[in-house]
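We name chains A, B, ... by the order of the sequence lines, and we start the count at 1 in each one. Both backbone and side-chain heavy atoms feed into the values below; hydrogens, waters and symmetry mates do not.
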2 protein chains.
Amino acid sequence: MMRPTRNGAQLITNTQGSAPGTGPQPADFTDVRATNLAVVLRFVRENAPCSRADIAASTGLNKATVSSLVADLIDRRLLRETGLTENRVGRPATMLVLDGSPYAAVGIEVNVDYLTAVAVDLKGEALLSWRRAFPGGSASSGQAVAGIAGVARRVVTRMTKEARQVLGLTVAVPGLVDLNGSVRLAPNMGWRDVDLAGDLAKALRDPGFPVLADNDANLGALAELRFGPHGGVRDLVYLTGEIGVGAGIVLDGRLRRGGAGFSGEIGHIEIVPGGPPCHCGRRGCLEVVAGLGALLDRTVPGGVSPAELEPEIDEVVQRAEAGDPVVLDLLDTLAGNLGRGVGIVANLLNPEVVVLGGYYVKLAPWILARAEREMLGRSLAPAGGGCRLVVSGLGYGAAALGAAARVLDSVDSGRLPAPA
Amino acid sequence: MMRPTRNGAQLITNTQGSAPGTGPQPADFTDVRATNLAVVLRFVRENAPCSRADIAASTGLNKATVSSLVADLIDRRLLRETGLTENRVGRPATMLVLDGSPYAAVGIEVNVDYLTAVAVDLKGEALLSWRRAFPGGSASSGQAVAGIAGVARRVVTRMTKEARQVLGLTVAVPGLVDLNGSVRLAPNMGWRDVDLAGDLAKALRDPGFPVLADNDANLGALAELRFGPHGGVRDLVYLTGEIGVGAGIVLDGRLRRGGAGFSGEIGHIEIVPGGPPCHCGRRGCLEVVAGLGALLDRTVPGGVSPAELEPEIDEVVQRAEAGDPVVLDLLDTLAGNLGRGVGIVANLLNPEVVVLGGYYVKLAPWILARAEREMLGRSLAPAGGGCRLVVSGLGYGAAALGAAARVLDSVDSGRLPAPA
DNA sequence: TTTGTTTGGTCGTTAGACGAACTAACTCTA
DNA sequence: TAGAGTTAGTTCGTCTAACGACCAAACAAA
């Protein structure tokens, strides 16, 4: 019998952020139930299709308990029985899968020039993926919120038409977002102190599901954790590669936002003292020596316009492919500077993986190796403390996907929809 | 009635590190009990003396439950009733306090030139504090382990004479310590791949209590969290100020060690590109531009010997007090570089507090203000995202104290001693 | 003394995990 | 084709431990 060891002391802890200073909350039976429901749900997510017996064997829960938990989850329409049975000796098992049809999790990513909306089902499979131009940089924050609300409403009605209940909506923003979902500073958007989560909830008039906002890098990290090929990784850092550079930090399996929610601002760490000026007022920030703005400023005549970012990057890629020495040299320098930033992360946080996202993905063939060398050479721990530098496979919508993942995470953490 | 709100979803999670890849463990009643015992224990620690009724009112636990939990904790000799009653209307309360007499938590800090051993009771009050010369830098690791074991044995027999049961022993080491308590690299000690926790447990021959090892900066952070004046802070970074500089990172109330346990190696982040060479083979590391070695190299003729660190620092302090412009200038430069390092931490992790420990404490009058200015000027978030730079009040034994705190933490997390 | 207030304990209830026994449904073997 | 063996899932009783209600004890104030 391969009963898994339960390693001693466990504590019941708040999964959602609790008020600071509040001690750990006591536990009662409903917490046990919620915990075990979440355990079963996550197990099925990772091992579907599987039988009740599989769950009992792997989690260590009693068979009877598993049956009860599964019945509860089926009541809540989170799981579904498939008629399928395995073809082995003994009584055939009724297999369980996540029920993909009744629910949707919605994520929206806003940026200077575009807006991405995605909806996924419980399994994480895409139900909808929109990308449209969005004057985030030029509109007032009020107009922007109205625009986001409009898109959100259309997504919700679409989901409702498909008979899906929306479990939640999260918005990803490139900027400082506090723990209440209020945008405190988004330089590229020109926002300051915009209560995005609150205003959006108001604009949606009691939507019946939680509305959250978070930093795009944080949500990118969540997307990698859930949808990326990083099985079992609990310490991961995601780097956005847009005009700005931000980091999403996952340690011990959860996003770490810092005291005010402003962690991950790697873009304004000084990498080259006395280097080129940054719009933040300082010099030599990672963003200006390893961000895309700097690269394009020097390769594209006439400077960068956010709306033209995509074709401009493509031009850089083409010139790199053609062997243009100027571009190759610029990319190599960028890679070196990026590697120095990654080295700082590796030394300070010792993650298992650092994932490069955004436009870094397209540039990876020319920057990944150099940046990784640089990181390894700067890490005190041998072999970088086991840190790998990899490229995201999620494409541009990573933050939007992560915003949807944020909703699924809260379900996985025990916020289950009520039974029918 | 001021019943505290329990905010919805809670999950039972492993408090001790679980095997990577292992999903969250399911919960049962014993977990609820362990959680609530720990809640009561912590409440009494923070609010002693207090009555059962106080506990029930503040934690939200039922009075009957509190009575049962308290009885259990008294059985385990963790709590004690004092005859004291409050002089108010109504029936007088029997007050509860932590029982300081039956247990001891032991922490040992080894360093290049000295060794510190402390023992504290459940309340965190010092029972013993030894500091002695220790040839950590020159002895072989085997000899060092034997020496540490000798000290540990003497501490344990001393505690046994006082009729105290030792709850655990933790050793703080300046270097990379993996999650199993094995020292992978300690340059200043000349150690590599020394299974300190294991070897020490062997040398103590089945001591009957857990033996752990961890990085000195990590444990310094724990000491600040428990014994420092940072009430309710959940995001804190501690910086050691020895020959090397290390960081201990606490996020969301717990130490974050990274994937392999090597987080916090801030000392070898490049602060001054092309700066002075570091013993690690690179240049311009924080350690050489903001560490004490660099300072002393330039103020004390003939270089630094670890054994003479203390008097040499004192000399620097005297010269600074006397207004020596050379020393003041060096200190200002050091403070600037240190502030750049702290700025990196503030941008990346957004802690509420960064605590300067070790010899930085003595130098604080000349470095704190400049370093904080530098940090604030480099933080993207307004006002440093709320980050404060402060000086430790714990003195040199911080890591040893933190090592003992590590033991108390494991008690607070539910690893209670068995009832008599 | 009486009345009110607070403490802390007892008792019965309840949620929910667990273990054992049982039934169901299949494959394999003789 | 008839067991025998094997695995799946359910039922039922047990047990742990939190909870709510009630109660006695012990004091202050009137």
Taking the side chain of B/Ala64 as its heavy atoms from C-beta onward, which of C/dT7, D/dA18, D/dC19 lies nearest to it?
D/dC19
Decide, yes or no, whether a salt bridge links A/Asp409 with A/Arg226 under the criterion of side-chain N to carboxylate O below 4.0 Å.
yes
Which of the following nucleotides, D/dA18, C/dA25, C/dA21, is nearest to the side chain of A/Lys63?
C/dA21
Could you state the CG-C1' distance from B/Asp31 to C/dG16, rounded to the nearest angstrom?
13 Å
Whole angstrom is fine here: how far is it from CD in B/Glu81 over to P in C/dT7?
15 Å
CG of B/Asp54 versus C1' of C/dT6: gap in Å, rounded?
11 Å
DNA chain D nearest-nucleotide lookup for A/Ser51 and A/Gly90: closer to the 5′ end is A/Gly90
Once you round it to whole Å, what is the distance between C1' of D/dG9 and CD1 of A/Ile55?
12 Å
B/Asp235 side chain vs B/Leu251 backbone, donor-acceptor pair below 3.5 Å
no
Check the distance between D/dA18's P and B/Asn36's CG and give it to me in whole angstrom.
5 Å
Polar side-chain contact B/Arg91-C/dT6 base: donor and acceptor under 3.5 Å:
no
Rounded to whole Å, how long is the line connecting atom CE of B/Met95 with atom P of C/dT6?
15 Å
Go through the steps to decide whether B/Glu125 and B/Lys123 satisfy the test salt bridge (charged side-chain N to carboxylate O under 4.0 Å, His left out), and finish with yes or no.
CA-CA 5 Å; B/Glu125 274 168 33; B/Lys123 300 176 185 170; 5.3 Å; no
Reading DNA chain C from 5' onward, which residue's closest nucleotide shows up sooner: B/Arg52 or A/Ser68?
B/Arg52
Output the rounded distance in Å from CG (A/Asn62) to P (C/dA21).
14 Å
Using modelled atom types only, decide if a donor and an acceptor are shared between the side chain of B/Ser263 and the backbone of B/Arg256 within a distance under 3.5 Å.
yes
Distance, rounded to the nearest Å, where B/Leu61 contributes CG and D/dG20 contributes C1'
14 Å
Would you say A/Thr30 places a side-chain N or O within less than 4.0 Å of OP1 or OP2 belonging to C/dG16?
no
Of the nucleotides D/dG9, C/dC11, C/dG16, which has the atom closest to the A/Phe29 side chain?
C/dG16
Can any side-chain N or O of A/Arg164 pair as donor or acceptor with the backbone N or O of A/Gly100 at less than 3.5 Å?
yes
Phosphate oxygens OP1/OP2 of D/dT10: is one of them under 4.0 Å from a side-chain N or O of A/Ser67?
yes
Mapping B/Thr65 and A/Ala53 to their closest nucleotides on DNA chain D, which lands nearer the 5' end?
A/Ala53
Given D/dC19, C/dG8, C/dT27, which nucleotide is nearest the side-chain atoms of A/Val89?
C/dT27
